[in-house]
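Just so it is clear, the model here is predicted, and its values are computed rather than measured.
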Amino acid sequence: MGDQPPDRGRDEDLIAAGDLIAAAATPPGRGAVAMVRVSGPGLESLIPPLTGRRRLDPRRAHYVSFLDEESRVIDRGLVVFFPGPHSYTGEDVLELSCHGSPVIVGMLLKRLYRLGARPAQAGEFSRRAFVNGKLDLAQAEAVASLIESASEQAVRAAQRSLEGAFSQDVHALEASLTSIRIQVEAAIDFSDEDIDILGRHQVLDTLRATVEELERLRARARQGRLLEEGMTVVIAGAPNAGKSSLLNALARREAAIVTDIAGTTRDLLRERILIDGMPLHVIDTAGLREGGDVVEREGMRRAREAIRQADRVLLVEDGCRPPQTPAELPGLLESVPVTRIVNKIDLRGGPPRMEASGEIPEIHLSARTGAGLDLLRAHLKRVMGFEAEAEDVLSARRRHLDALACARDHLQAALLELEHDRALELVAENLRLAHRCLGEITGEVSSDDLLGKIFSEFCIGK
């Protein structure tokens with residue numbers, strides 16, 4: 001229907017004849033073992049001069065001597081040959097395991113370059129796997145997510161996406177969308193016939209179900225992004241409520257100046273902390289109030305912008321005073337998840353506690369003494385998806401969420417047009433655009449610029 005997947009086999013920059021690439025697949029530094037990876041067509045010609053062997057049995061570890069151009073031994077180790085297309089990249093691949101000296105790794109790479117290989121670019125092995133159809137784009141990105149995982153939950157989420165769970169869910173949405181598009185296109189083609197080819201009620205039901213399924217996938221992907229990239233938490237509230245003290249308590253250091261003077265914090269203060277390996281980006285903001293000098297007003301403007309972009313807002317209140325919620329805050333918080341923090345229980349009296357029965361969870365604590373901070377940390381872990389029962393969370397990146405949001409917007413527009421009996425051509429166009437947004441996730445619809453940006457973020461050797 002006008003959307004053709006890219007011909008991934010024509011990427012001449014990646015699959016040029018005789019284009020061998022080589023790189024260390026283990027991090028730089030000293031260790032017991034290091035690995036060097038080579039990929040590309042014609043790779044078997046490297047085996048005799050490099051190892052002194054005429055051939056290597058496929059997928060079998062051989063103990064060999066790695067030789068320089070004068071047949072002197074660089075090192076002794078293991079080599080495995082993976083003939084294409086049954087390899088990670090879909091090409092012939094050699095994996096060389098040697099002692100983990102940076103000098104040895106450098107000598108091996110120098111030898112490979114002299115034999116005709118070139119240094120691999122960042123992410124080029126995974127990009128070749130994508131080009132050769134071994135992985136789709138979501139799976140390729142899950143490789144990077146797996147490497148960067150900072151917790152067991154993030155590892156599990158990345159593994160599910162690498163195994164294709166995310167892609168399968170996207171393909172299921174695409175299949176449902178294809179069925180709807182066929183019916184709509186048929187109704188347009190036979191619009192002169194006096195019959196209900198469209199089956200409007202059935203299509204409406206299917207489209208509504210597709211939107212609901214997409215929203216469920218978005219929720220799982222959103223949770224996965226928090227595991228992947230960390231959650232941005234903004235500390236907001238009135239002046240002198242204890243916002244900077246809370247930042248210091250979470251960071252376990254004096255990151256912010258704390259005084260009794262209203263308006264001490266005038267700019268955004270950012271701290272990256274880990275809670276049991278879970279990344280958390282905490283932003284302290286200027287207290288929101290009426291008035292203030294020009295510098296404080298600019299700080300409040302930045303605070304409002306940070307609140308709008310937050311994954312969660314910690315709304316701090318002084319527990320010793322009546323609630324002083326700035327008048328503008330309710331409007332700012334309409335579309336942002338909020339946790340209310342009732343601070344200064346050390347002055348007011350009473351134990352730390354959490355109340356989760358209402359619409360907004362509420363934690364009573366003391367940022368100064370640390371009482372109740374364990375409740376806050378546990379709460380933040382829970383909303384980030386740290387809990388073991390979150391077994392359906394998928395590793396996802398911001399671009400995946402943007403693509404899912406794009407697809408949702410077009411599907412909702414198509415649904416509205418269909419419900420109001422508007423021109424089917426408008427419905428068809430929105431369905432086509434939604435389909436295209438989903439295709440961007442798996443790489444069925446992609447541009448060279450997008451691919452270059454994605455794979456440039458990978459580590460060398462992957």
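Counting only N and O atoms by type, the side chains of Ser161 and Ser395 include no donor and acceptor under 3.5 Å apart. For Thr442 and Ser167, the side-chain atoms include no donor-acceptor pair closer than 3.5 Å. The closest side-chain donor-acceptor pair between Thr339 and His379 falls under 3.5 angstrom. Between the side chains of Ser126 and Tyr88, a donor-acceptor pair is found at a separation under 3.5 Å.
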Kindly indicate, with the supporting measurements, whether the criterion side chain to side chain contact (heavy atoms under 4.5 Å, CB included) is fulfilled by Cys98 and Val105.
CA-CA 8 Å; Cys98 61; Val105 172; 4.1 Å; yes
For Val36 and Leu94, what are the C-alpha separation, side-chain angles and deciding distance, and is it a side chain to side chain contact (heavy atoms under 4.5 Å, CB included)?
CA-CA 8 Å; Val36 173; Leu94 270 184; over 6 Å; no
For Leu250 and Glu271, run side chain to side chain contact (heavy atoms under 4.5 Å, CB included): C-alpha distance rounded to whole Å, both residues' side-chain angles, the deciding distance at 0.1 Å, then the answer.
CA-CA 9 Å; Leu250 288 171; Glu271 281 290 310; over 6 Å; no
Just do the side chain to side chain contact (heavy atoms under 4.5 Å, CB included) check on Glu362 and Met354 with the steps written out, would you?
CA-CA 6 Å; Glu362 187 172 289; Met354 178 169 183; over 6 Å; no
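To the nearest 0.5 Å, the span separating CE on Met231 from CZ on Arg312 amounts to 6.5 Å. Here the straight-line distance linking atom CD1 of Ile21 with atom CD of Gln121 works out to 8.5 Å at 0.5 Å rounding. To the nearest 0.5 angstrom, Leu96 atom CG is 9.5 Å from Leu46 atom CG. With values rounded to the nearest 0.5 angstrom, Glu163 atom CD is found 9.0 Å from Arg160 atom CZ. Atom-to-atom distance recorded for Leu314:CG and Ile235:CD1 is 6.0 Å, nearest 0.5 angstrom. Note that CG of Leu246 is 6.0 Å distant from CG of Leu376, once rounded to the nearest 0.5 Å.
A search for salt bridge (Lys or Arg N to Asp or Glu O under 4.0 Å) contacts involving Asp57 returns Arg55, Arg60, not counting sequence neighbours. Residues satisfying the salt bridge (Lys or Arg N to Asp or Glu O under 4.0 Å) criterion with Glu174, sequence neighbours excluded, are absent altogether. Here Arg76 pairs with Ser65 under the side chain to side chain donor-acceptor pair (under 3.5 Å) rule; sequence neighbours left out. For Ala403, the side-chain contact (heavy atoms from CB on, under 4.5 Å) partners at least two apart in sequence or on another chain are Glu440, Ile441. Shown here are the side-chain contact (heavy atoms from CB on, under 4.5 Å) partners of Ala428, two or more places apart in sequence or in another chain: Val184, Glu185, Ile188. Contacts of Gln159 classified as side chain to side chain donor-acceptor pair (under 3.5 Å), with partners at least two apart in sequence or in another chain: none. Remark: Cys437 pairs with Cys406 by the disulfide (SG to SG under 2.5 Å) rule, at least two apart or across chains. For Arg30, there are no salt bridge (Lys or Arg N to Asp or Glu O under 4.0 Å) partners two or more places apart in sequence or in a different chain. Under the rule for a side chain to side chain donor-acceptor pair (under 3.5 Å), Glu425 has no partner lying at least two apart in sequence or in another chain. Taking Arg218 as the reference, Leu214, Glu215, Arg222, Leu404, Ala405, Arg408 meet the side-chain contact (heavy atoms from CB on, under 4.5 Å) condition, with sequence neighbours excluded.
In this structure, Val203 and Val427 have side chains that are not in contact, with every pair of non-hydrogen atoms separated by 4.5 Å or more. Using a 4.5 Å heavy-atom cutoff, the side chains of Leu50 and Val64 are not in contact. Here the side chains of Glu91 and Leu20 are not in contact, with every heavy-atom distance at 4.5 Å or above. For the pair Ser87/Asp92, no side-chain contact is recorded, criterion being any heavy-atom separation below 4.5 Å from C-beta on. Counting only heavy atoms from C-beta outward, the side chains of Val93 and Val38 never approach each other to under 4.5 Å. Counting heavy atoms from C-beta outward, Leu280 and Leu274 have side chains that stay 4.5 Å or more apart. Proximity of Asp311 to Val233: side-chain heavy atoms (C-beta onward) are nowhere separated by under 4.5 Å. Contact annotation: the side chain of Arg59 approaches that of Phe82 to within less than 4.5 Å [non-hydrogen atoms, C-beta and beyond].
Checked for salt-bridge contact, Arg399 and Asp402 miss the test: no charged N lies under 4.0 Å from a carboxylate O. Ion pairing between Glu305 and Arg302 fails under the 4.0 Å rule for side-chain N and carboxylate O. A salt bridge is absent between Arg208 and Glu213; no separation between the charged side-chain nitrogens and carboxylate oxygens falls under 4.0 Å. One finds a salt bridge joining Glu124 and Arg128 here, because a Lys/Arg side-chain nitrogen approaches an Asp/Glu carboxylate oxygen to under 4.0 Å. Comment: Asp284 does not engage Arg270 in a salt bridge, judged by the lack of any side-chain N to carboxylate O separation of less than 4.0 angstrom.
Within 6.0 Å of CZ on Arg252 lie no more than 12 heavy atoms contributed by other residues, nucleotides or ligands. Counting heavy-atom neighbours within 6.0 Å of His99 NE2, excluding the residue itself, gives a total of 12 or less.
Asn132 places a side-chain N or O within 3.5 Å of a backbone atom of Thr89 that can act as its donor or acceptor partner. Looking only at distances, a side-chain donor or acceptor of Gln139 sits under 3.5 Å from a matching main-chain atom of Asp136. Checked by atom type and distance alone, the side chain of Asp68 never pairs as donor or acceptor with a backbone atom of Ile74 at under 3.5 Å. Without hydrogens or angle criteria, His400 side chain to Ala396 main chain gives no donor-acceptor distance under 3.5 Å. Between the side chain of Ser145 and the main chain of Glu141, a donor-acceptor pair closer than 3.5 Å is present.
For residues 95-116, the salt bridge (charged side-chain N to carboxylate O under 4.0 Å, His left out) pairs, not counting sequence neighbours, are Arg37-Glu95, Glu69-Arg114. For the side chain to side chain donor-acceptor pair (under 3.5 Å) condition, the pairs that include at least one residue of residues 44-54, sequence neighbours left out, are Arg53-His62.
Closest non-hydrogen pair, Asp19 versus Pro41, comes out as O-CD, 3.9 Å. Here the shortest heavy-atom pairing between Lys243 and Val316 reads CG-CB, 4.0 Å. Minimum interatomic distance between Val79 and Phe66 (heavy atoms only, all atoms of both residues): CB-CE2, 4.3 Å. Contact record, Ala236 with Thr285: CA-OG1, 3.7 Å, taken as the closest heavy-atom pair. Across every non-hydrogen atom of Leu431 and Ala414, the tightest pair is CD2-CB, 3.9 Å. Residues Lys134 and His86 approach most closely at NZ-CA, 4.3 Å, considering heavy atoms.
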